[in-house]
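Below: the structure, in structure tokens.
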Amino acid sequence: MKKRQWTGLWITLLAMVMVLSACGGGSKGSENNTASEGSGSEATASSTLTIAAATDIESFDPHNNNNTASEAVLVNVFDYLVKNDSQQKKVPALATSWEQVNDTTWRFKLREGVTFHNGDPFTSADVKFTLERVAKDNTLKQNSYFKNIVEVKAVDEHTVDIITEGPDPLLLNRLSKMGAGMLPAKYIADKGMDAFLKEPVGTGPYKFSKWTKDDRVELVKNDKYFGGEPKWNEVVFRVIPEASTRVSELLAGGVDVAASIPSTDIARIEGEADKKIVKAPIQRVLQLIFRQTEGSITADPKVREAIDLAIDKQGIVDSIAGGAGIVTRTSVTPGNFGADPSLYKTSLYDLEKAKQLLKEAGYAEGQAEMTISVSSQYKEQAEVVAAMLDQAGFKINLDVLEPSAFSERYSSKSFKEIFMIGIGNSLFDASNNYNRYMVEEAKGESDYNNPEVEKLLQSALVNMDPESREKQYQQVQQIFAVERPAVYLYQMEGVYGTNDKVNFAPRSDEMFYADEITPAAK
């Protein structure tokens, strides 16, 4: 790797990008402050926990959401059969025990005495309805994680057998993620799905109260929760896309916990006696995903390599992330099954070679025009990436979208040449990162197609031998390091601001389990 050479011009360019971004955020922040005027009192009562996040949930259907921001909220309303504790160990939730009966059958014993928020008892009928719905309806966003479930047999009222199409090394992982949120079969049969979405019902520690889209979700405690009395009377998730506004609300006392704090605001928050910064590595990797549809400029491997070499990833970590990140050439980071250590904490940067590759691909300076779409939460990183690519001879059009608009574009697979996204890993398995590159999944998004990769990924889905399965995913990562269907920038670090009213320890999966956030001793 070429040693990075910082010039006065380049430092000035970075500074200008950051200043312009801060100015833009400040303007919108003022509007948002006006819209939420009077909301600061919500966090003053010890019985209310208020959390500020950048992105809203997609809906209250746990089967039809596909982002971490949704799951971070919904885990408080809907329980899974199996839960990941704070150390990502599988522990009982709605299932008290489980065993593998044979290669394709798992038996689960269900917790007795559990009721849904409307009073309906939780039984094997609810498990059958829930898992067969998400497994058989291919219009649901979580379907791809569960479509290998063939049938759920209700052995008795509190025992189920889950039968898969073939051996499934990931069944327990699947059952501890959002698409396995248990739904009330009788309630939905009686009222219909539309009514359920307006008045959602789960078994979790908190009950639905109100959802104002792109503003807030309000939950209240479930006094009949099987796990004991919840710690908070009310939990409010406020949607504040602008980082500057999240910080202002934290400093003003409007929220107890604020996610995604910019590096430029850390010192400001730490300077307040009753505020602090809490950091933790998360599984999210910021990356660029390329469209390889025939005729697309990014279908050319030389163009993709030039993009990779033109981006100084460590420079972005140092300048925008304030050092809160680890460069990587893989999206499967330590702690996830199938990680390849040889590609972690490594990065490529060679601006001159990037320029040469672009010429070899047949593009003179300014002719290689591309659009990068990005959610506004990653606007600053995208602006620096665009500036770096401009230096290499590309012409970049930035398409900055509000989080909800980005989510819609993401679901419809309608991005142009490139989109920037931070992808987490709720499965804690390499399949979560790479199944999107299987032929059927890639159609319309990246249109990536490599028969060797397809064979490896398909085999890994049913491989019950952990050692050989791990090698399969590592082989995929080595192929990707050459082919570059995506360019990985860095593993992100969660940076949160909190006040002294709460004790908060971030989770690597970015979930906000409200009862893991406790009131501080007075």
Subject >> Which residues share a side chain to side chain contact (heavy atoms under 4.5 Å, CB included) with K213, sequence neighbours left out >> reply: D56, W211

Original post:
Would you call the rings of Y410 and F419 parallel, tilted or perpendicular, where under 30° means parallel and over 60° means perpendicular?
Top reply: perpendicular

Subject >> Residues, nucleotides or ligands: over 12 heavy atoms within 6.0 Å of K455 NZ >> reply: no

Original post:
Does F60 reach the side chain of V217, with side-chain heavy atoms less than 4.5 Å apart?
Top reply: yes

**OP:** For the pair R133 and D61, find out whether any cationic side-chain nitrogen is under 4.0 Å from an anionic carboxylate oxygen.
**Re:** yes

Subject >> For the student: nearest non-hydrogen atoms of Y490 and A321, plus distance >> reply: OH-CB, 3.9 Å

**OP:** Would you kindly say whether S411 and N66 are connected by a side-chain donor-acceptor distance under 3.5 Å?
**Re:** no

Subject >> Heavy atoms of other groups near E165 CD, more than 12 under 6.0 Å >> reply: no

Original post:
Does I423 reach the side chain of Q287, with side-chain heavy atoms less than 4.5 Å apart?
Top reply: yes

Subject >> Stepwise side chain to side chain donor-acceptor pair (under 3.5 Å) check, S459 with Q472 >> reply: CA-CA 8 Å; S459 176; Q472 288 172 324; 2.8 Å; yes

Subject >> Whether N143 side chain and A135 backbone form a donor-acceptor pair below 3.5 Å >> reply: yes

Original post:
In chain order, what residues pass the salt bridge (Lys or Arg N to Asp or Glu O under 4.0 Å) check against E483, with sequence neighbours excluded?
Top reply: none

Original post:
Below 6.0 angstrom between ring centroids: does that apply to Y344 and Y488?
Top reply: no

Subject >> Side-chain donor or acceptor of R246 paired with backbone N/O of I261 under 3.5 Å >> reply: no

**OP:** Quick one: list whatever passes side chain to side chain contact (heavy atoms under 4.5 Å, CB included) with E408, sequence neighbours left out.
**Re:** none

Subject >> K90 and N84: side chain donor to acceptor below 3.5 Å >> reply: yes

Subject >> Atom pair CG (N64) and CG (L140), whose distance is rounded to the nearest 0.5 Å >> reply: 5.0 Å

Subject >> Y225 and D79, any side-chain heavy atoms less than 4.5 Å apart >> reply: yes

Subject >> Pairs satisfying ring pair (Phe, Tyr, Trp, His ring centres under 6.0 Å), at least one member in residues 128-161, at least two apart >> reply: none

Subject >> Donor-acceptor pair, side chain of N336 and main chain of A430, under 3.5 angstrom >> reply: no

Original post:
How far apart are the C-alpha atoms of V239 and D215, what are their side-chain angles, what is the distance that settles it, and do they pass the side chain to side chain contact (heavy atoms under 4.5 Å, CB included) test?
Top reply: CA-CA 5 Å; V239 183; D215 181 32; 5.7 Å; no

Original post:
Taking side chain as C-beta onward, heavy atoms only, is L219 less than 4.5 Å from W232?
Top reply: no

Original post:
So how far is it from S263 OG to E493 CD, rounded to the nearest 0.5 Å?
Top reply: 11.5 Å

Original post:
Any idea which heavy atoms bring P169 and M464 closest together, and the distance?
Top reply: N-SD, 3.4 Å

Original post:
Taking only residues two or more places apart in sequence or in another chain, which ones pass salt bridge (Lys or Arg N to Asp or Glu O under 4.0 Å) with K221?
Top reply: D223, E229

Subject >> Least distance between heavy atoms, P334 atom then Q283 atom >> reply: O-OE1, 3.8 Å

**OP:** Please confirm whether the backbone N or O of G444 pairs with a side-chain atom of D447, one donor and one acceptor, at under 3.5 Å?
**Re:** yes

Original post:
Is there a side chain to side chain contact (heavy atoms under 4.5 Å, CB included) between S144 and N435 once you walk through the steps?
Top reply: CA-CA 9 Å; S144 62; N435 284 355; over 6 Å; no

Original post:
Does the pair L286 and M420 meet the rule for a side chain to side chain contact (heavy atoms under 4.5 Å, CB included), with working shown?
Top reply: CA-CA 7 Å; L286 190 63; M420 176 185 283; 3.8 Å; yes

Subject >> Test item: R291 side-chain N/O and F415 main-chain N/O as donor-acceptor pair under 3.5 Å >> reply: yes

Subject >> Close side-chain approach of T55 and T68, heavy atoms under 4.5 Å >> reply: no

Subject >> Neighbour count >12 (heavy atoms, 6.0 Å) for atom CG, N102 >> reply: yes

Original post:
Can you check whether K89's main-chain N or O pairs, donor with acceptor, with D85's side chain at less than 3.5 Å?
Top reply: yes

**OP:** List for me each residue that meets side chain to side chain contact (heavy atoms under 4.5 Å, CB included) alongside K207, sequence neighbours excluded, and say none if there are none.
**Re:** H117, V220, N222

Subject >> Closest non-hydrogen atom pair between F512 and N76, with its separation >> reply: O-ND2, 2.9 Å

Subject >> ring pair (Phe, Tyr, Trp, His ring centres under 6.0 Å) contacts touching residues 428-461 (sequence neighbours left out) >> reply: Y434-F480, Y437-Y448, Y437-F480, Y448-F480

Original post:
What closest approach, in Å, do A69 and I57 show between heavy atoms, and which atom pair accounts for it?
Top reply: O-CG2, 4.1 Å

**OP:** Answer yes or no: is there a side-chain heavy-atom contact under 4.5 Å between V160 and K128?
**Re:** no

Original post:
Can you find a heavy atom in the side chain of L81 that is under 4.5 Å from one in the side chain of W98?
Top reply: no

Original post:
Would you say the side chain of S124 lies within less than 4.5 Å of the side chain of L110, judging by non-hydrogen atoms?
Top reply: yes

Original post:
Cut-off 3.5 Å, side chains only: do S176 and K83 have a donor facing an acceptor?
Top reply: no

Original post:
How about S331 and N433: does a side-chain donor come under 3.5 Å of a side-chain acceptor?
Top reply: yes

**OP:** Go through the structure and list residues passing side-chain hydrogen bond (donor to acceptor under 3.5 Å, both in side chains) with E440, not counting sequence neighbours.
**Re:** K443

Original post:
Is any NZ, NE, NH1 or NH2 atom of the basic residue among E249 and R216 found under 4.0 Å from an Asp or Glu carboxylate oxygen of the other?
Top reply: no

Original post:
Less than 4.0 Å between a side-chain N and a carboxylate O, is that true for R174 and D429?
Top reply: no

Original post:
Does a sphere of radius 6.0 Å around CD in E467 hold more than 12 heavy atoms from other residues, nucleotides or ligands, not counting ones at 6.0 Å or beyond?
Top reply: no

Original post:
Is there a donor-acceptor pair closer than 3.5 Å between any side-chain N or O of E132 and the backbone N or O of V152?
Top reply: yes

Original post:
Using the ring of each side chain (for Trp, its six-membered ring), is F337 parallel, tilted or perpendicular to Y473, with breaks at 30° and 60°?
Top reply: perpendicular

Subject >> Of all pairs that satisfy salt bridge (Lys or Arg N to Asp or Glu O under 4.0 Å), the ones with a partner from residues 149-162, not counting sequence neighbours >> reply: R107-D161

**OP:** Using the test side chain to side chain contact (heavy atoms under 4.5 Å, CB included), find all partners of D340 that sit at least two apart in sequence or belong to another chain.
**Re:** S342, L343, Q474, Q477, Q478

Original post:
Any sub-3.5 Å donor-acceptor pair from S47's side-chain atoms to N233's backbone N or O?
Top reply: no

Original post:
Looking only at heavy atoms, what is the nearest atom pair of N503 and A520, with distance?
Top reply: ND2-CA, 3.6 Å

Subject >> Counterpart residues, salt bridge (Lys or Arg N to Asp or Glu O under 4.0 Å), relative to E470 (two or more places apart) >> reply: none

Original post:
Side chains of E234 and S209: do they bring a donor and an acceptor to under 3.5 Å?
Top reply: no

Show me the donor-acceptor pairs, under 3.5 Å and distance only, between side chains in residues 177-192 and residues at least two apart or in other chains.
unit_1: K177; atom_1: NZ; unit_2: Q142; atom_2: OE1; d: 2.7
unit_1: K186; atom_1: NZ; unit_2: D190; atom_2: OD2; d: 2.9
unit_1: Y187; atom_1: OH; unit_2: E199; atom_2: O; d: 2.8

